Amino acid sequence: MVFSHGAAHEAALSLVIVRPRKRQRRAMTRHYSAFSLFKEGLRGQKGWQQAWRSPQPKPRYDILIIGGGGHGLATAYYLARAHNIRNVAVIEKGWLGGGNTGRNTTVVRSNYFFPESTALYDLALRLYETLGRDINYNIMLSQRGIITLAHSEAEMEMAARTVNAMQINGTDAELFDAKDVRRVLPLLNVSPQARYPVFGGVWQGRAGTARHDAVAWGYARAADRLGVDIIQSCEVEEFLVEGGRCRGVRTSRGEIRAERTGMVVAGHSSHLAAKAGFRLPITSYALQACVSEPIKPVLDTVVLSPGTGTYASQSDKGELVIGGALDRVPSYGQRGNLPVLEDVVSGLLEMFPSFRQLRLMRQWAGIVDVTPDSSPILGESPLPGLFLNCGWGTGGFKAIPAGGTLLAHLLATGTHHDISRPFDLDRFARGRLIDEAAGSGIAH
Amino acid sequence: MQLFPCPFCGPRSESEFHFGGDAGNHRPEGFRAVTDGEWSNYLHARNNPRGAANEIWMHMTCGEVFRMERDTVHHRVARSFAPGEGDGHDGMAH
């Protein structure tokens with residue numbers, strides 16, 4: 001449209017100029033909400049912006065994070081958000097959330113025994129409770145509760161001890177008797193003839209599930225928005241060590257230097273540690289999971305049976321999500337073996353005989369980093385300038401917001417947060433193990 | 001179901017075997033003082049290699065301990081040795 005410059009046209013002119021600007025700004029929908037969904041629906045879904053950029057790596061950053069899973073992306077987000085350090089890169093050899101973040105069974109809980117563990121895992125659960133709002137991404141948190149069954153009088157006594165410990169440590173816990181269990185699990189086999197009869201269990205009502213991919217994608221989008229570079233298909237080849245200090249890494253996409261480097265690679269921690277010249281108290285195992293075909297809602301809580309070694313929940317799509325114990329063969333093969341899958345599925349059918357008609361749709365495995373005390377490792381590595389977040393074993397997903405918060409604190413300040421201090425690597429030489437395998441019977 | 005070769009019983013199901021750690025992980029001994037670091041390195045640190053591994057296993061059915069070389073990515077077993085067989089670098093007392 002062409003107008004003359006006459007004053008009489010000023011009003012019309014301003015309208016004409018303003019309109020296209022407005023349209024340009026509207027063309028990029030950045031904020032996720034019911035309103036933006038509605039608005040995009042009217043506009044043919046054409047305004048959605050890509051959730052994160054794919055920049056070329058710069059030669060130097062303040063802080064470099066190796067590993068684009070939940071913990072690595074959360075670390076980047078909290079560095080930018082809580083410490084205002086935005087010259088940060090996350091490098092990932094595969095794709096975001098393609099490791100254990102996308103392979104777990106999506107359970108979040110903080111039902112541990114020792115005070116150090118409750119402080120850690122309850123921090124994570126509290127952060128999960130507000131995460132959707134904090135990062136403007138629906139992580140589909142569903143606090144449907146978890147019931148850990150007790151199969152004998154002796155196990156009921158241990159359950160009471162666990163409940164007491166959890167309550168004293170400041171998180172929610174309730175001791176369920178058999179009647180309570182029947183109320184939340186109407187399909188559970190509670191017959192006295194059952195191989196593992198049900199006496200009761202430990203209930204944590206704030207526990208539940210969250211969508212695992214959404215946690216990775218939400219942190220990635222929020223970190224990117226704050227200026228963090230997220231670089232996929234970028235594999236670490238070696239560490240740059242100068243003057244006895246880690247100065248960055250050489251990658252498949254060139255050298256990247258940084259003042260401090262965080263290594264957040266779960267089951268591959270020992271492999272990278274060997275490149276950095278030290279060993280870790282970690283053994284890598286495959287942990288399997290599987291899902292059934294989708295069915296109507298039958299299970300609205302998370303159930304774990306120490307007797308059968310199986311746990312299960314039902315996803316929003318209706319699939320039963322089923323997990324169990326580790327494979328007993330140390331492995332880096334993301335497949336899993338048949339004996340354990342057979343044990344897990346037979347355990348499920350022992351608990352829920354009516355599920356025997358279901359077909360399994362998918363089975364997979366992730367490589368988990370198991371420590372001698374089943375507690376994670378957070379702190380500076382034996383190579384100064386390189387910091388660790390690893391050793392979560394079978395329970396890393398539930399801890400993502402805490403692992404990110406604490407590693408961000410370490411990378412920003414060079415010192416421990418009070419909550420991460422007990423989980424330093426030095427606990428193994430000092431003999432101050434936090435043995436959750438013995439304490440809470442967590443099977444990892 | 002994978003078959004592992006017990007040097008005494010031949011190929012048997014993997015579920016009959018128990019992982020016993022790295023071959024060559026020697027317990028620090030003698031009259032000298034063992035530091036916390038040395039002891040922790042023996043007790044807790046692991047090679048945990050991605051790829052070729054040299055490990056101690058027990059065949060629980062016969063109760064024998066042996067050394068096995070295998071790959072931790074694709075799980076192919078290269079060889080297994082009775083104590084005293086092979087190159088002798090198995091870290092086991094003979």
Side-chain angles (χ1 to χ4, degrees), chain A residues 93 235-236 265-275 277-286 325-343 365 367-375 377 381-382 390-391 393 424-433 435, chain B residues 1-6 11-28 33-61 65-80 91:
Chain A
K93 76 170 176 181
E235 184 167 7
V236 170
V265 298
H268 293 269
S269 295
S270 300
H271 179 68
L272 278 193
K275 288 182 189 290
F278 58 91
R279 299 200 301 163
L280 289 168
I282 283 177
T283 306
S284 294
Y285 291 95
L326 293 168
D327 287 13
R328 299 177 63 255
V329 180
S331 174
Y332 285 84
Q334 291 173 313
R335 299 178 299 273
N337 66 9
L338 281 173
V340 169
L341 182 63
E342 190 178 358
D343 283 354
I367 302 306
V368 299
D369 39 347
V370 177
T371 59
D373 59 356
S374 295
S375 286
I377 298 167
S381 80
C390 61
D424 193 276
L425 189 59
D426 71 359
R427 76 177 184 271
F428 295 99
R430 294 167 65 232
R432 299 275 299 176
L433 304 193
D435 195 351
Chain B
M1 181 77 73
Q2 185 175 15
L3 299 179
F4 284 161
C6 171
R12 304 284 292 223
S13 161
E14 62 179 286
S15 54
E16 294 182 8
F17 293 84
H18 180 72
F19 176 59
D22 297 313
N25 185 27
H26 295 283
R27 178 188 166 113
V34 177
T35 65
D36 292 347
E38 285 171 319
W39 183 247
S40 179
N41 186 52
Y42 160 73
L43 199 61
H44 299 302
R46 301 285 177 258
N47 295 336
N48 194 29
R50 186 172 87 186
N54 184 14
E55 300 166 335
I56 303 296
W57 285 79
M58 174 186 265
H59 185 209
M60 293 182 292
T61 318
V65 173
F66 64 97
R67 181 165 71 89
M68 184 156 73
E69 293 176 2
R70 67 181 188 102
D71 189 287
T72 59
V73 177
H74 50 63
H75 290 194
R76 188 172 61 220
V77 174
R79 289 175 294 183
S80 65

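Chain identifiers are assigned alphabetically (A, B, ...) following the order of the sequence lines, protein sequences preceding nucleic acid strands; residue numbering begins at 1 within each chain. Given the structure is predicted, the values throughout are model-derived calculations rather than measurements.
- Between A:P339 and B:M1, some side-chain heavy-atom pair lies under the 4.5 Å cut-off.
- The distance from atom CZ of A:R328 to atom OG of B:S15, rounded to the nearest 0.5 Å, is 8.0 Å.
- Put simply, CG on B:L43 and CZ on A:F428 are 10.5 Å apart, with the number rounded to the nearest 0.5 Å.
- For NE2 of B:H74, the number of neighbouring non-hydrogen atoms (other residues, nucleotides, ligands) closer than 6.0 Å is greater than 12.
- Residue contact with chain B, scored on non-hydrogen atoms closer than 4.5 Å, involves the backbone of A:L280 exclusively.
- A donor and an acceptor atom, one from each side chain of A:N337 and B:Q2, are nowhere located under 3.5 Å apart.
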> Run the side-chain contact (heavy atoms from CB on, under 4.5 Å) check on A:L338 and B:E14 step by step: do they pass?
Replying inline: CA-CA 10 Å; A:L338 281 173; B:E14 62 179 286; over 6 Å; no
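- Per-residue heavy-atom pair counts under 4.5 Å with chain B were compared for A:S284, A:P281, A:P330, and the maximum is reached by A:P330.
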> Taking it one step at a time, do A:Y285 and B:N48 satisfy side-chain hydrogen bond (donor to acceptor under 3.5 Å, both in side chains)?
Replying inline: CA-CA 10 Å; A:Y285 291 95; B:N48 194 29; over 6 Å; no
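- A 4.5 Å side-chain heavy-atom check between A:R279 and B:N41 finds at least one atom pair inside the cut-off.
- Proximity to chain A is limited to the side chain of B:F4, based on heavy atoms less than 4.5 angstrom apart.
- Closest non-hydrogen pair, A:S331 versus B:H75, comes out as OG-NE2, 2.6 Å.
- With hydrogens and angles disregarded, no donor-acceptor distance shorter than 3.5 Å links the side chain of B:R50 to the backbone of A:L272.
- Counting heavy-atom pairs under 4.5 Å between each of A:D373, A:D327, A:I367, A:T283 and chain B puts A:T283 at the top.
- Counting heavy atoms from C-beta on, the side chains of A:V329 and B:E55 never come closer than 4.5 Å.
- Residues that satisfy the side-chain hydrogen bond (donor to acceptor under 3.5 Å, both in side chains) test with A:D426, not counting sequence neighbours, are A:R421.
- Residue A:R335 touches chain B through its side chain alone, counting heavy-atom pairs closer than 4.5 Å.
- Of all the listed residues (A:G267, A:A429, A:A273), the one sharing the greatest number of non-hydrogen pairs under 4.5 Å with chain B is A:A429.
- In the displayed structure, B:E38 atom CD is contacted under 6.0 Å by more than 12 heavy atoms of other residues, nucleotides or ligands.
- Heavy atoms closer than 4.5 Å to chain B are found in the side chain of A:L433, but not in its backbone.
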